[in-house]
Amino acid sequence: QVQLVESGGGLVQAGGSLRLSCAASGRTLRTYAVAWFRQVPGKEPEFVSAISATGGKTYYSESVKGRFTTFRTNAMDTMSLQMNGLKPDDTALYYCAADLGGLGSTRRESYEYWGQGTQVTVSS
């Protein structure tokens with residue numbers, strides 16, 4: 001069982017930046033594809049970004065492309081999402097998800113493990 005823990009959420013003004021992190025309790029994420037999804041109340045989770053298990057490929061939704069960057073840190077033990085130019089529409093609960101050996105996918109069904117989420121709120 002892989003337990004994912006997100007951190008780094010908070011309240012920020014529009015145009016500001018936040019960095020989210022995702023770590024696996026008791027193990028490394030280096031062999032997992034890791035993705036970020038976000039969800040607002042009453043809506044389905046939305047894909048944000050993903051990185052392949054090797055770290056060689058990254059994927060972004062059109063709504064965040066050019067503003068968000070996902071990358072591995074600490075010898076691939078954690079995954080980060082750097083969010084710049086934040087907008088009020090980015091307000092959501094952000095989840096990280098992991099898929100052992102995955103190539104990276106935009107589909108929720110591809111990921112076996114999920115964290116509890118970290119709240120990001122962007123004020124106008």
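Everything numeric here is computed off the predicted structure, so don't read it as measured data.
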Would the distance check show the side chain of S7 and the main-chain N or O of C22 forming a donor-acceptor pair, the cut-off being under 3.5 Å?
no
**Message:** Is it true that, when you exclude Q13 itself, more than 12 heavy atoms of the residues, nucleotides or ligands shown sit nearer than 6.0 Å to its CD?
**Reply:** no
- Is Y95 reachable from W36 through a run of hydrophobic residues whose side-chain heavy atoms are each under 4.5 Å from the next? no
d(D99 CG, E112 CD) to nearest 0.5 Å is 4.5 Å
- Within a radius of less than 6.0 Å around CD of Q39, do more than 12 heavy atoms belonging to other residues, nucleotides or ligands occur? yes
Closest non-hydrogen atoms of V40 and A92, given as atom of the first, atom of the second and distance, are CG1-CB, 3.7 Å
ask   = Taking side chain as C-beta onward, heavy atoms only, is T91 less than 4.5 Å from Q119?
value = yes
>> Within the 4.5 Å heavy-atom criterion, are T58 and F71 side-chain neighbours or not?
In response: no
Please check this pair: side chain of Y111 against backbone of A33, looking for a donor-acceptor N/O pair closer than 3.5 Å. no
Exercise. Return the orientation label for the F47 and F37 ring planes: parallel under 30°, perpendicular over 60°, tilted otherwise.
Key: perpendicular
All heavy atoms of V64 vs all of V48, minimum pair found to be CG2-O, 3.5 Å
Check the hydrophobic clustering (I, L, V, M, F, W, Y; side-chain heavy atoms under 4.5 Å; chains of links allowed) and say if Y94 and V12 are grouped together.
-> yes
- Does a sphere of radius 6.0 Å around CG in L100 hold more than 12 heavy atoms from other residues, nucleotides or ligands, not counting ones at 6.0 Å or beyond? yes
Residues Y60 and T69: closest non-hydrogen pair is OH-CA, 3.3 Å
Is there side-chain contact between F68 and L86, with heavy atoms separated by less than 4.5 Å?
-> yes
Rounded to the nearest 0.5 angstrom, the CZ-OG1 distance for R38 and T118 is 14.0 Å
Here the pair of heavy atoms bringing V34 nearest to C96 is CG1-CB, 4.5 Å
Any donor-acceptor pair under 3.5 Å from E6 side chain to Q116 backbone:
yes
Nearest heavy-atom approach of A98 to Y32 is CB-CD2, 3.9 Å
- Is a side-chain N or O of R72 found less than 3.5 angstrom from the main chain of L29, in a donor-acceptor match? yes
Hey, mind stepping through W114 and R108 against side chain to side chain contact (heavy atoms under 4.5 Å, CB included) and telling me if it holds? CA-CA 10 Å; W114 291 77; R108 286 179 286 154; 3.9 Å; yes
### Query
Taking the side chain as C-beta and beyond, is there a heavy-atom pair between M83 and D90 under 4.5 Å?
no
Closest non-hydrogen atoms of S49 and L81, given as atom of the first, atom of the second and distance, are OG-CD1, 3.5 Å
Rounded to the nearest 0.5 Å, the CG atom of L4 sits from the OG1 atom of T78 at a distance of 12.0 Å
Here the gap from L103 atom CG to S52 atom OG, rounded to the nearest 0.5 Å, amounts to 7.0 Å
